[in-house]
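As a basis for the values below, the full set of heavy atoms in this structure was taken, side chains included, without hydrogen atoms, waters or symmetry mates. Letters go in sequence order (proteins before strands), and every chain restarts at 1.
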2 protein chains.
Amino acid sequence: MSAAEIKAKILGVATSLFEAKGINACAVDMIINASGVARATMYRHFPSKDTLIMAFLRSKADAFYEWLNRGLRNQKGKPADKLIALCILMEEWIGTPNFKGLPFHIGTIEFPEPDHPVNQFSITLAKELQEYFSALAKEAGAPDPAGLSQQIIMLFEGAALVERVAPGSNAAAKAKDAALLIIRGTLK
Amino acid sequence: MSAAEIKAKILGVATSLFEAKGINACAVDMIINASGVARATMYRHFPSKDTLIMAFLRSKADAFYEWLNRGLRNQKGKPADKLIALCILMEEWIGTPNFKGLPFHIGTIEFPEPDHPVNQFSITLAKELQEYFSALAKEAGAPDPAGLSQQIIMLFEGAALVERVAPGSNAAAKAKDAALLIIRGTLK
DNA sequence: CTAAAGAGACAGAACGTTCTCTCTCTTTTG
DNA sequence: CAAAAGAGAGAGAACGTTCTGTCTCTTTAG
């Protein structure tokens, strides 16, 4: 196995464990045992557990954006349609059976201290998301793009939360319906 | 200080610390030092830290329901008005400057393992909330009370999350606006 | 006098991180 | 071409810290 493959394996195993048991509940021992990697090897690729956590959040966010970009790329039509498509894509992402939560705000709950690196990193992730959505809302001609963006984010972050507590409750679909009501009501 | 007062003091101090630093980041030592109470005393009133955590979540939820009940008690008018009043009360609750988060879903993020007592307790808290909102949605004549209730919950839980990451962003007000759009769009 | 509270030592476990030692490849060099 | 050097990985012991929960002893209050 090459160095890059080993790093990817560590990150993959850590991802599964973090999602299944929560970040704080995962010891480094679990990660190295589950990935069959030596302790020193893990620390060579990720100088600290915090680094590994941030890599985990980053990769989840990247995968999410890639999914959105691919889905929105061939979206012609009116600019508002892109915003609608966004909501449908979000519904699919959150509604998928093995959905495990969005990576944008979790870090601030598991690491609430403002000076913790993971907390700070989460805040930049949340800002990124806000800007991504805001740009689409602006294209769609929303009078207050940042506001509409925030409303959509609140809705789907809430859906992700509810989906964790009550799996199979179709929270994603209900969030999408609500988002469409908000968008149509806002763009008039 | 009477026994009841001591118990209340411990819970109060724990509440402040949990909200400021997060539940997992608060050691028992911090709680007893900050409350000036002996270790054994704390363990006499709360047989375990988990018990104290659940008492904390319970008291936050109780305070919330008491606020809602008081606000809705004198709400005459059409049944739908009660649902609108609910949203306004939620906005005030979340938008207050020293708001620290809702107690209904946090537990499932800080304690994601399904067999953890705090996780299970959080699920019952979330169900309680769902039933409270659902009853109001039913009174208001919503075609799918549970669905509308879930949408409102998602919105405000998301707002609570965003408010933590970006304080002063008026997330509560935006959530209320969105909730009203959803309610009006759903009730006809 | 008795039950409760303060003060703090203590055990036991868990966790992140560092360290040592060994083995196996790949690359360099004479 | 062959020997040496080095990098990267496996295995695991060890350290310091932190945390929960128990226990003992002394002091206070009803």
Notebook entry, point to check: How long is the line joining CE of A:M42 and C1' of C:dT17, in whole Å?
Noted result: 9 Å
Checklist line | Difference in axis direction between the ends of the helix from C:dC1-D:dG30 to C:dG30-D:dC1, five pairs, 10° | finding: 10°
Notebook entry, point to check: Which letter, B, S or -, goes with each nucleotide of nucleotides 7-16 of chain C from 5' to 3', with contact meaning a protein heavy atom under 4.0 Å?
Noted result: BBB-----SS
Note to self: According to ring pair (Phe, Tyr, Trp, His ring centres under 6.0 Å), who are the partners of A:F18, at least two apart in sequence or on a separate chain?
What the structure shows: A:F56
Next item on the list: In whole angstrom, give the distance that lies between atom CZ of A:F46 and atom P of C:dT18.
Entry: 16 Å
Notebook entry, point to check: Which atom pair, heavy atoms only, marks the closest approach of A:A55 to A:L11?
Noted result: C-CD1, 4.0 Å
Item checked: Residue-phosphate contact under 4.0 Å: B:H45 side-chain N/O, C:dA4 OP1/OP2 -> no
Note to self: Count I, L, V, M, F, W, Y as connected when their side-chain heavy atoms are under 4.5 Å apart, and connections chain through other members. Are B:I153 and B:I182 then in the same cluster?
What the structure shows: yes
Notebook entry, point to check: For the pair made of CD1 in A:I6 and C1' in D:dG8, what is the distance, rounded to whole Å?
Noted result: 8 Å
Taking distance alone, no hydrogens or angles, what donor-acceptor pairs closer than 3.5 Å link side-chain atoms of residues 84-101 of chain B to residues at least two apart or in another chain?
none

Checklist line | Shortest non-hydrogen contact between B:S35 and B:I31, atoms and distance | finding: OG-O, 2.7 Å
Margin query: Looking at B:Q120 and B:P114, would you say the former's side chain and the latter's main chain have a donor-acceptor pair under 3.5 Å?
Written below: yes
Notebook entry, point to check: In whole Å, what is the span from the CD1 atom of B:I31 to the P atom of D:dC19?
Noted result: 11 Å
Check: Can you tell me if the side-chain N/O atoms of A:T41 get under 4.0 Å from OP1 or OP2 in D:dG10?
Finding: yes
Next item on the list: Could you note down all residue pairs passing salt bridge (Lys or Arg N to Asp or Glu O under 4.0 Å) where residues 110-119 of chain B supplies at least one of them, sequence neighbours left out?
Entry: A:K21-B:E113
Next item on the list: For the pair A:F104 and A:F64, name the ring-plane relationship: parallel under 30°, tilted 30 to 60°, perpendicular over 60°.
Entry: perpendicular
Next item on the list: To the nearest Å, give me how far apart CD1 (B:I32) and C1' (C:dA4) are.
Entry: 16 Å
Note to self: Strictly by ring-ring contact (aromatic ring centres under 6.0 Å, His included), give each pair with a member in residues 125-152 of chain B just once, sequence neighbours left out.
What the structure shows: B:Y65-B:Y132
Next item on the list: Write down the distance between CD (B:E5) and P (C:dA5), rounded to a whole number of angstrom.
Entry: 11 Å
Notebook entry, point to check: Does B:R44 make a side-chain donor-acceptor contact with the base of C:dA4, cut-off 3.5 Å?
Noted result: no
